[in-house]
Amino acid sequence: MDYFTRKRVAAIMAELQPAEDVIVMGWVRNRRDSKNLVFLSLNDGSTLNNLQIVIDNPGEVADLENIRLGAAIRVAGRLIPVPEREHKIELHPGEIRLVGECPKEYPIQKKRHSFEYLRDIAHLRPRTNTFGVANRFRSKIAYAIHKFYQDRGFFYVHSPIITATDAEGAGEQFWVTTFDLDNIPINEGKVDYDKDFFGAQTFLTVSGQLEAEIMALALGDVYTFGPTFRAEKSNTPRHVSEFWMIEPEMAFCDLDENMQLAGEFLMYLFEYALGECSEEMEFFNRWIEKNRISTLETLLKSKFEIVTYTEAVEILKKAKKKFEFPVDWGVNLQAEHERYLCEEHFNSPVMVKDYPKDIKAFYMRLNDDDKTVAAVDVLVPQIGEIIGGSQREERLDVLKKQVELFGVNEETLWWYYDLRRYGSVPHSGFGLGFARMLMYMSGMANIRDVIPWPRTPRSAKF
RNA sequence: GCCUCAGUAGCUCAGCUGGUAGAGCAAGUGGCUGUUAACCACUGGGUCGUUGGUUCGAGUCCAGCCUGGGGCGCCA
């Protein structure tokens with residue numbers, strides 16, 4: 001099949017060198033005919049760029065009538081640089097072979113399609129410019145995430161996908177069972193989970209954090225990067241039911257140190273995108289959202305402002321702007337409040353810390369004031385919250401009180417308590433939604449377009 | 001879950017106060033020695049999301065349902 005001898009278009013475009021007997025394989029993106037000349041644009045997925053194929057003997061090419069938009073072909077021939085032309089280099093074939101025919105009802109045309117239409121043909125949309133770029137970008141940024149942590153001595157943890165732990169309060173989790181749903185075992189009026197596959201009630205995980213804490217208290221610095229699931233019936237351009245999260249967890253690390261790492265992490269990704277993903281960033285900047293590059297560049301030069309929740313509430317109360325939701329100490333900050341803080345008041349990314357304990361999770365460390373917890377939200381212009389993190393409660397007695405206060409089911413947390421019982425240490429971590437980060441860096445407005453197979457309420461096609 | 005907008009040709013849309021449909025692109029045919037979202041000419045293509053109602057008559061008005069977009073909440 002010439003898999004190892006064929007040349008990738010990305011390499012051809014990078015080198016721009018003449019060569020004989022070059023083999024390329026890919027899909028036809030465009031075809032233009034004149035009487036004695038046919039031009040094909042070939043894309044092999046390795047880059048946004050198409051390779052120009054110039055056929056100057058169309059009468060002699062077999063199957064030429066079937067080499068149309070979408071068809072898979074193999075071309076062998078001579079590479080000729082043409083620096084004066086827009087496409088810089090072209091391939092003059094000695095042989096063209098039709099590998100896979102493409103009927104004319106192929107749903108992707110050589111024009112712009114709406115993202116909504118392409119979502120209905122999610123199996124074909126990676127063949128478009130935008131989704132090719134988006135998927136290559138996704139891969140590169142995933143690599144950058146690993147590189148950031150691995151370079152700092154963090155270990156990668158695969159936290160479990162099936163869990164018995166009810167991490168943040170039930171209701172929003174998918175249940176995992178092998179019960180016949182038409183005939184569920186009942187014992188004394190209640191579902192008998194003892195008869196289920198795992199002998200207990202189990203869920204798809206909503207976070208790898210609790211398990212990451214296990215590893216952090218053994219390996220020191222760890223991170224998870226894997227899928228999580230939320231059964232919330234959210235219907236917005238920012239929510240999906242299945243998404244990947246990055247969750248670093250560090251032993252002997254307090255909230256301020258946690259915040260410093262979060263800031264360095266974000267800056268690293270922005271810098272990586274600008275430096276190592278120039279093809280993708282230039283595409284986003286041109287076709288998806290102008291100023292994406294300058295926005296990231298500005299962000300790179302700015303510093304994170306740090307305020308406490310209490311200070312943030314004071315700022316918002318003094319603001320001349322009218323908010324739809326009134327601000328008062330004790331209520332959660334709304335998206336409009338978060339955006340005011342970083343877009344209008346500070347005009348920079350902001351970290352808000354020390355939230356009232358009642359609006360945050362049970363595992364967050366109680367501050368000395370007994371009213372707030374050591375939590376942080378990182379806010380960026382246009383999006384609002386992009387990272388949520390905290391120092392974890394490492395004191396067993398305090399943790400038990402919080403669990404009781406929040407009404408969390410204690411039975412499945414015995415091992416979590418053990419971590420505090422045996423050699424407990426202060427530790428911290430945060431969570432970053434991978435797809436939301438991709439949205440922010442690319443300017444793509446809908447999360448369903450940065451995830452290849454998005455799962456949302458009433459939709460799990462493909 | 002609440003609010004709001006939309007569903008007309010393969011795609012993107014137009015269709016005013018009700019009189020059974022139109023454009024651009026795509027497709028097909030022909031033309032053109034260099035095109036690059038190629039261009040020029042011609043041709044074919046629609047039970048107007050769905051069910052019911054009002055009416056002599058519904059793409060157009062009314063109600064329900066389905067699907068999709070946006071806003072809000074929940075969050076990442």
Side-chain angles (χ1 to χ4, degrees), chain A residues 28-43 49-59 65 68-70 80 82 84-88 90 92 103-121 128-129 167-169 171-172 206-209 225 227-247 287 323-325 331-336 338 359-361 377-380 383-389 430-440 445-451 456-459 461:
Chain A
V28 176
R29 280 292 182 81
N30 199 354
R31 171 176 168 163
R32 299 171 297 277
D33 285 38
S34 60
K35 192 173 186 182
N36 296 314
L37 217 44
V38 173
F39 300 95
L40 301 176
S41 297
L42 183 91
N43 190 283
N49 295 309
N50 296 326
L51 179 64
Q52 171 97 324
I53 313 273
V54 183
I55 304 171
D56 38 29
N57 56 343
E65 70 277 9
R68 59 164 79 88
L69 184 68
I80 303 174
V82 283
E84 70 282 4
R85 291 193 203 279
E86 187 184 327
H87 51 274
K88 301 293 187 223
E90 55 193 31
H92 290 254
K104 61 180 185 179
E105 60 266 23
Y106 183 50
I108 294 174
Q109 302 172 0
K110 50 184 180 188
K111 59 171 241 170
R112 291 192 85 171
H113 288 290
S114 69
F115 288 164
E116 290 84 2
Y117 170 71
L118 291 171
R119 272 173 222 150
D120 287 336
I121 48 167
T128 64
N129 284 341
E168 321 215 330
E172 60 179 14
V206 294
S207 162
Q209 180 206 312
F225 185 10
T228 52
F229 307 85
R230 303 277 166 96
E232 285 154 355
K233 285 186 178 151
S234 306
N235 219 299
T236 82
R238 302 179 305 284
H239 290 85
V240 277
S241 309
E242 175 182 326
F243 60 96
W244 283 51
M245 263 206 294
I246 300 103
E247 296 179 291
W287 297 105
F323 295 113
E324 193 188 336
F325 295 90
V331 303
N332 231 323
L333 298 184
Q334 304 288 324
E336 57 173 345
E338 297 176 342
I359 60 173
K360 289 291 181 182
D377 281 356
V378 181
L379 316 177
V380 292
I383 293 253
E385 183 183 343
I386 195 162
I387 281 181
F430 60 86
L432 170 76
F434 182 46
R436 286 208 181 156
M437 189 65 192
L438 295 178
M439 287 173 73
Y440 187 61
N446 195 310
I447 198 167
R448 298 169 186 121
D449 297 325
V450 297
I451 295 177
T456 52
R458 307 193 59 79
S459 173
K461 288 184 287 190

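Being a predicted model, the structure only gives us computed values, none of them experimental. Throughout, a chain's letter reflects where its sequence line sits, starting with A, and its residues are numbered from 1.
Interface residues of residues 51-59 of chain A facing RNA chain B, ordered by number: Gln52(A); criterion, heavy-atom separation under 4.0 Å.
By the 4.5 Å heavy-atom criterion applied to side chains, Met437(A) and Ile246(A) are not counted as neighbours.
Using a 4.0 Å heavy-atom distance criterion, Glu90(A) is classed as a base contact. Using a 4.0 Å heavy-atom criterion, one finds that Val38(A) contacts no nucleic acid atom at all. Contacts of Arg29(A) with the nucleic acid, taken as non-hydrogen atoms under 4.0 Å apart, are absent.
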What protein N or O atoms touch nucleotides 5-8 of chain B N or O atoms at under 3.5 angstrom, if any, and at what distances?
none

Please produce a list of atom pairs where a protein N or O lies less than 3.5 Å from an N or O of nucleotides 27-33 of chain B.
from: C32(B); atom 1: OP1; to: Lys35(A); atom 2: NZ; distance (Å): 2.9

Between N or O atoms, less than 3.5 Å apart, protein on one side and nucleotides 10-14 of chain B on the other: list the pairs.
from: G10(B); atom 1: N2; to: Gln109(A); atom 2: OE1; distance (Å): 3.0
from: G10(B); atom 1: N2; to: Gln109(A); atom 2: NE2; distance (Å): 3.2
from: G10(B); atom 1: N3; to: Gln109(A); atom 2: NE2; distance (Å): 3.1
from: C11(B); atom 1: O2'; to: Lys111(A); atom 2: NZ; distance (Å): 3.2
from: C11(B); atom 1: O2'; to: His113(A); atom 2: ND1; distance (Å): 3.4
from: C11(B); atom 1: O2; to: Lys111(A); atom 2: NZ; distance (Å): 2.6
from: U12(B); atom 1: OP1; to: Ser114(A); atom 2: OG; distance (Å): 2.9

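For Phe434(A), the ring pair (Phe, Tyr, Trp, His ring centres under 6.0 Å) partners at least two apart in sequence or on another chain are Phe225(A). With sequence neighbours left out, Tyr117(A) forms a ring pair (Phe, Tyr, Trp, His ring centres under 6.0 Å) with His113(A).
U50(B) and U60(B) are spaced 11 Å apart, taking the P atom of each and rounding to whole Å.
When each of G69(B), C74(B), U67(B) is scored by its nearest atom to the side-chain atoms of Arg448(A), the top-ranked nucleotide is G69(B).
Taking 3.5 Å as the limit, the base of C74(B) and the side chain of Ser234(A) contain a donor-acceptor pair of atoms between them.
Taking atom CG of residue Asn235(A) and atom C1' of nucleotide U67(B), one finds them 12 Å apart after rounding to whole Å. The interatomic distance linking Glu172(A) (CD) with G1(B) (C1') rounds to 15 Å, in whole Å. Atom CD in Glu232(A) sits about 16 Å away from atom P in C72(B), given to the nearest Å. One interatomic measurement links the two molecules: CZ of Phe243(A) to C1' of C74(B), which rounds to 12 Å at whole-angstrom precision.
In this structure, Arg230(A) contributes its side chain and Val240(A) its backbone to no donor-acceptor pair below 3.5 Å.
When Ile447(A), Val450(A), Asp449(A) are each tested for a side chain to side chain contact (heavy atoms under 4.5 Å, CB included) with Leu438(A), only one passes: Val450(A).
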